[in-house]
Structures are given as C-alpha cells and as structure tokens.
**Student:** 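Sharing a structure, written as structure tokens. Questions coming.
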Number of protein chains: 2
Amino acid sequence: MLPPWTRRYELSTQRPTLADVAAAAGVSVSTASLAFSGAGPIAAATRERVHEAAAQLGYAGPNPLGRQLRRGRSGIVGVVIGDALRRAFRDPVSTQVLDGLVGTLGPLDLGVLLIPSLSDPDSPGVDPLLESAAMDVAVVMWGGGDDDPLLETLRRRGIPTVLVEGQLLPGIGAVGIDDRSGIEQVTRHLVELGHTRIACVTLPLNRDRGEGFIGEPELAGRVWAITRRRLDGMADAGVTPVAVWQTPASLVEHGATAGRALLSGPDRPTAVVCQSDLLASGVVLAARELGLRVPQDVSVAGFDGIELPWLGTDVLTTVVQPLTEKGAAVGHLVRDLLAGAEPDHRELPVTLRVGTTTGPAPS
Amino acid sequence: MLPPWTRRYELSTQRPTLADVAAAAGVSVSTASLAFSGAGPIAAATRERVHEAAAQLGYAGPNPLGRQLRRGRSGIVGVVIGDALRRAFRDPVSTQVLDGLVGTLGPLDLGVLLIPSLSDPDSPGVDPLLESAAMDVAVVMWGGGDDDPLLETLRRRGIPTVLVEGQLLPGIGAVGIDDRSGIEQVTRHLVELGHTRIACVTLPLNRDRGEGFIGEPELAGRVWAITRRRLDGMADAGVTPVAVWQTPASLVEHGATAGRALLSGPDRPTAVVCQSDLLASGVVLAARELGLRVPQDVSVAGFDGIELPWLGTDVLTTVVQPLTEKGAAVGHLVRDLLAGAEPDHRELPVTLRVGTTTGPAPS
DNA sequence: TGGCAGGGTCGAATCGATTCGATCCACACG
DNA sequence: CGTGTGGATCGAATCGATTCGACCCTGCCA
C-alpha cells in the first residue's frame, strides 16, 4: 500500500498542499515546512529539493489559513472607520494617518482590513465584520466615547484596541495630539493681532452631525472629545467666540456654507477659527465669494496643516499636526500590543504655522 | 476520568473555545457549532442553553481562523492599490470606487484588505502581503499592463482577480468605462464651439511618471492603457492637440503646474482637455492666477465628474463616470467569481456634462 | 402494536499548516 | 574504540472550527 500522502497528490485537481510537496520531494511534512519558513536547521540541498518540487507542482507557498490557525494570529489589523467611508476618504487628515499606519504595518507583515462602521444612529446592530472578522488588533479612527458599541464589541471579543483621537480609556491604547494647546496658540495669535470678534467653526459635536449656529445648551451637552478639546483651547486663550457654527463633517463645502453664514451678517467677526483646514479653506473661498479680502477684512485660521492647492498662493495660518507620524505612532502601539505590552498612549506635538490668511484686525 | 474536553475548560486562563462551551452546556461540539451557525436542525432549548453557556464563559463566537481553515475561505478581498497610498487616497476617483466596493462587499460578509503595492520601479520584490496574505479574490486598482509582476504573482497563487481600469486580459475580470468615447464627446463639444488650438493634459504615461511637455516619441512608446484610451479619444474626434503635457499624478497641484506652463506661452491654446477633473481644476486655478477668464479666454474640460467645491460657483465641463457604481460593479464581479463564475468584464457608460468652464473660442 | 419517518444529537474526519520532542547519523574527541 | 555532540530529519500532536454519516428516540400511521 502506498503511503497515505500520495492520496491527494495522485488525485490531482485539488490545489497542492505542503504534504503533496513533501511527498514529491521525498521528505516529511515537517521538513518541508522548515524549507519554507527557515525556522530551524535544514540542509541547503534539502531546501533546494523541496523548492523544486514546489515549483513542479505549482505550489505557491504555505496556505495562510493553515498557518494562521496554528499560530493563533491572523496578521490582520482591523481599522474601523468611525464615519461613512466616502466622507472619511475625502478628508486628507484620515487618509494621511491611514497612509502612515499602512506604511508602518507593512514591513511588520501586518495587513490592514477596512471596517466601515455603519454609524447609522438608527441601526441597532454592529457591522458584521467588526463582529466576526479575524483580526489581531483593532484601530478605531474617530471612535466615539466610552459608551460606543464599537468598543464594547471589541472588548467582548478580547481584541486589543488603539483609539485615534478619542478619549483616554482604561485598557485601550490611544494616540492623539495636543490639539487643545494648538487651538490656544492660534487663538492667542489672533488676539495679539487685535481681534476681539472671533467666530468658531467646529467639527461635528456628536453623531447627530447637525449644521448651523449652536448655543450654550448644545455646547454644554455631550460633545465628541476631539471637538470639545478644540473648543476648550479657545477658552484657554481667554476667548469666547461671538458665534459658533457646527458642521456635519470636515469638508470644504461645509466650510463654505459656514463662511457664507458667518460673514454675510451685519456684525461679522473679524476672525474665524476653524477646527480643520478643510473647513477653513471653505471659509476663505466663501469670503472671496462675498468680496471680502483675506486677511485685510477677515482673518481665517485652520487646523491640521494639510495641503490646500486650491487656495493658490495663499498659505493658511494653521496648527500643523504630524499626520503621517500619527499613523506611524499607531502602528508602533499596535506592534507593542502584539508583543504583549500593556495598552499605552502617546500624544504628539503640534506647531503653529502663521501663513497669509491672518493679519491685523481691521480698525 | 473526566471526558477529554474538560481539560482546557478547567485550566482557565486560555480563551474559551467551542469545545469549552459545549462542555459547559453539556452538549457535543457539533451541536454547539450548530447552535451558532444555525446550519442544521437544532432544538430551540438546546440553542438557548449553548448561548447561555457561551455568555457565562465569555465566549464571543466561533474563532474566525478555525472557521476559515475549515471552509477554505478567508472572506477577504485584497485590494491592491497600484499607486502610493497617499496619492491614491488624495484622489476622490479612487476613494469613491473603493467606497462603492466596500459598500457592496460588506453585506456579503466580505472584508477589504488594503494591499499597497510598492510600485517602486527599482525595488525588485513584490509586497509581502501580496505574496502571502490570505484572500479569496484580489482587486487591482490602477493595475499595470499584462507584464505587471502583480498579476503574475496573483496568477501563481491562483487567486481570482478583477482589474479596474486596466486592459482586458484572459482569465482576469475587468471593470472599466467607455472613456475613449467620453473624451471624444467632450472634444467634439469643444470643436463645435469653434476651438482649433486644443491642448491636452494627461495622466501619467507609465511608471516613470514624468512631468512636462511630451512629443511623438513618448506618445508612440509604451503607455498605460487608461492614458492611451483617453488620448485616442481626442484623435477619434479628429483633433491633434497643439501640446500635450504629462503629469505625474492626478492631483490639483499638478494640474496647476500644467496650466501655468500651457497658458503662459505666446501661442496659448484656447481650450484644454484634461484627463481628470482634479487636473482640470488645477488648470482653471492657474488660468485665474494668470488673469485669464474661464471660459472667455480659455475653455477647460475634465474627466470624472467629481465634486470640486473650491471652484466656487463654476461647474466644470466634464465627462461624468459612475464611480460608486463602478465600485459596486467590481463587487458584483467578485461575488460571481466566488460563486465559481468565469472571469467576466463590464463596461460602464459615461455622460458628457457641459458646465460653465467651456465656451465659444475667442475670435 | 409494529414499522417508518424525521427531528435532534453525536462522533469522528478534515481543513493545512507549525512545532515539540525523539531519533538517527556522522564526526570529533578522549 | 566508545561516547558525546549537534545538525538534520521525522512523527505526532495541535490550532478551532465545520460537516458528513450514523444513531437514537419520539410520534404517527397503518
């Protein structure tokens, strides 16, 4: 009787497995495994023979699924996008962080699995992928607060998690920036230029994502951590905005809408602090549209430090955050978590960049 | 002696497995499996008991790795980004297609794994993820020609593949649009407006990604399929461009550079056909910068039909392609391939949208 | 009352690799 | 010449589920 492994080998049709290759090379499965992984002593001639057999059979290397089960690791990092994908992807801030993350994870042989969170407030469930996809670590971008069902699901599944720009939570890694002091700096810059009537354009306050002026009651309510911190930064600089406009997302058009609303009234502010560059660039465009000169008639400041080629020669005054490094920092936390480290958190510095969109307050 | 499965259950510390749950619920592993998958007859009471035991033990559902190995399916679709991620992500064209794809795949319980192709012309190797990540199907966006090592690797691994905007190849699925006739239409539109001096701003010709004017020799050489088709569209309309400018990527700033170069010379064209909207918007910005009126002094047309909020009230004349549907079409091809269908290809229609950036040729 | 149908459960094989411990052999050293 | 050493190889257990076929028992029908 033939040895058992010849069975599948002779049947053909099926994709070859390591056992088939081993049989063809006349070695044991364990030796064949060693020939591919290189983890253990193996004679050069044997390795060669195994590789030849593999080539002969059209064997393209060990099946990742078998390897993953055995190792107990999938090599996959789930990235939960806490916003509609189409929106998140239109924002260079998200994509640059993602780019930095992918760049760091790639060399570690870790893949990035996109997990769109159906952040639909009505829908009760959680994304099926979040619920059941294989991943060794999860990264939550733009993740909600401590009550977010996302985080609860991940905790239940026992998946180590890193939060980007969320709040600090026990047992969860976090990467953020010092946005509060960043906003404080840019606000002080405007105060020093003599501005007193300063308005503010905010990121969404919460998952309702309303658009329009907001007052005390809303500001006192539940507000996403990132938005809150950037609001607090203005207070730190001793400024109470003359108006606060909420946008439903960080996009140019929402900034433009905000700009039209804020700048067309009678008591228009002399400066606008925006919580993102995309929003700020929209405000600049709206100002130009209204025939206002920037910065002579109105100063505009942003946050992020991304490229805005459509502003032409103007350079936005903004708070620059290291986006790619942020992604890399997330990657490093992920690496450490996989190595068994305790969840850590890391805060990156920001710097004020004074451009051409802010100037002395008009007299 | 206790039945074998109590072993791990009593040792604790380890994560519980289906066997632990089965033991705790007093049923066999197979029954416990049925209780979770619902594939097979099972008494409601039994299911209930199993789920209770699972809750008790903190078992969060079947381990995906075990399931995947058994099923021989990973539930993962690898998306190979044929360009630097940071660049691809800055282009709404890619991200909208990706959005449509993810939206279609999600409900099918398929996840999207991002695979950055290190398209470095010098680097000899292929991305390790491409080489060894688990995936049931691969989608190649912006994939190169038939000689691309990407495709060769996928073929060798036996992974069914769908190509987006590539060329038709045997054994490989493909989704594209009728861009050749789209460009023809928009070119004819300009001809009808009386333009004779028409310039062209192209996408990269090949992986060299040069920037600047190009002449006959380069145009006759090896050119990426998509760029070639869009060049041919102009010829179909009977137009030979007075100048052709190659850009290294579809980004606003490269369009602006092209615009400055094309529009500042003495014999400037009266119209510019751009192979993407991002490029076209850059040309419009450059024209404004140079004090030229659009469309009175120069007409500008694009391709894609994406939103360009920074153009203000201007609406770009362009060829609109259904980006989200394109992603969905890819998703459907993927679904069909997984169901065992032969690789198919699908071409989506485009439509000319006449906006405010094209007008009669100046006399 | 006997037989048959079928719902419910179970045991065991299986997916494809990795890895631990044992074995074997050649060579060097005492 | 016996023995120790270590490189190379092998066998078998293992990762955690799914699924096929067998089995049991109940209830219905003849």
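Computed from a predicted model, the values in this text were never measured in an experiment.
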**Student:** So if I take every side-chain heavy atom of A:Ser30 and compare against C:dT19, D:dA8, D:dG16, which nucleotide ends up nearest?
**Tutor:** C:dT19

**Student:** Taking CG from A:Leu69 and C1' from D:dC15, how many angstroms apart are they, rounded to a whole number?
**Tutor:** 4 Å

**Student:** To the nearest angstrom, how far is B:Gln68 atom CD from C:dA17 atom P?
**Tutor:** 15 Å

**Student:** Measure from CG on B:Leu34 to P on D:dG21 and round the result to the nearest Å.
**Tutor:** 15 Å

**Student:** Looking at B:Arg71, I'd like to know whether one of its side-chain N or O atoms comes within less than 4.0 Å of OP1 or OP2 on C:dT14.
**Tutor:** no

**Student:** Could you walk me through whether A:Val77 and A:Asp136 satisfy the side chain to side chain contact (heavy atoms under 4.5 Å, CB included) test, starting with their C-alpha distance in whole Å, then the side-chain angles of each, then the deciding distance to 0.1 Å, before giving a yes or no?
**Tutor:** CA-CA 6 Å; A:Val77 175; A:Asp136 299 335; 5.9 Å; no

**Student:** Nearest to the side chain of A:Thr46, which nucleotide is it out of D:dT18, D:dT9, C:dC10?
**Tutor:** D:dT9

**Student:** I need the CZ-C1' distance between A:Phe36 and C:dT19, as an integer number of Å.
**Tutor:** 17 Å

**Student:** Under 4.0 angstrom, heavy atoms only, what part of the nucleic acid is A:Pro41 near: base, sugar-phosphate, or nothing?
**Tutor:** base

**Student:** Do NZ/NE/NH1/NH2 and the carboxylate oxygens of A:Glu131 and A:Arg156 come within less than 4.0 Å?
**Tutor:** yes

**Student:** Between A:Thr31 and A:Leu65, which residue's closest nucleotide on DNA chain C lies nearer the 5′ terminus?
**Tutor:** A:Leu65

**Student:** Of all the nucleotides listed (C:dT19, C:dG16, D:dT19), which has the minimum atom distance to the side chain of B:Ser33?
**Tutor:** D:dT19

**Student:** How close or far is atom C1' of C:dC10 from atom CZ of B:Arg49, stated in whole angstroms?
**Tutor:** 14 Å

**Student:** Return the value, rounded to whole Å, for the distance between atom CZ of B:Arg73 and atom P of C:dT14.
**Tutor:** 21 Å

**Student:** Considering only D:dC10, C:dG8, D:dA17, which nucleotide approaches the side chain of B:Arg70 most closely?
**Tutor:** D:dA17

**Student:** Reckon B:Tyr59 has a side-chain N or O less than 4.0 Å from the OP1 or OP2 of D:dG16?
**Tutor:** no

**Student:** OP1 or OP2 of D:dT9 sitting under 4.0 Å from any side-chain N/O of A:Ser28?
**Tutor:** no

**Student:** Separation of B:Ile42 atom CD1 from C:dG6 atom P, in whole Å?
**Tutor:** 20 Å

**Student:** I want to verify a distance call: between D:dG16, C:dT18, D:dT18, whose nearest atom is closest to the B:Val29 side chain?
**Tutor:** D:dT18

**Student:** Working to the nearest 0.5 angstrom, can you tell me the gap between B:Phe36 CZ and B:Ile42 CD1?
**Tutor:** 10.0 Å

**Student:** B:Arg15 CZ to D:dT14 P: how many Å, rounded?
**Tutor:** 20 Å

**Student:** Can you tell me how far apart OG1 (A:Thr324) and CG (A:Leu101) are? Round to the nearest 0.5 Å.
**Tutor:** 11.0 Å

**Student:** Are B:Arg49 and B:Glu52 ion-paired here, with the side-chain N under 4.0 Å from a carboxylate O?
**Tutor:** no

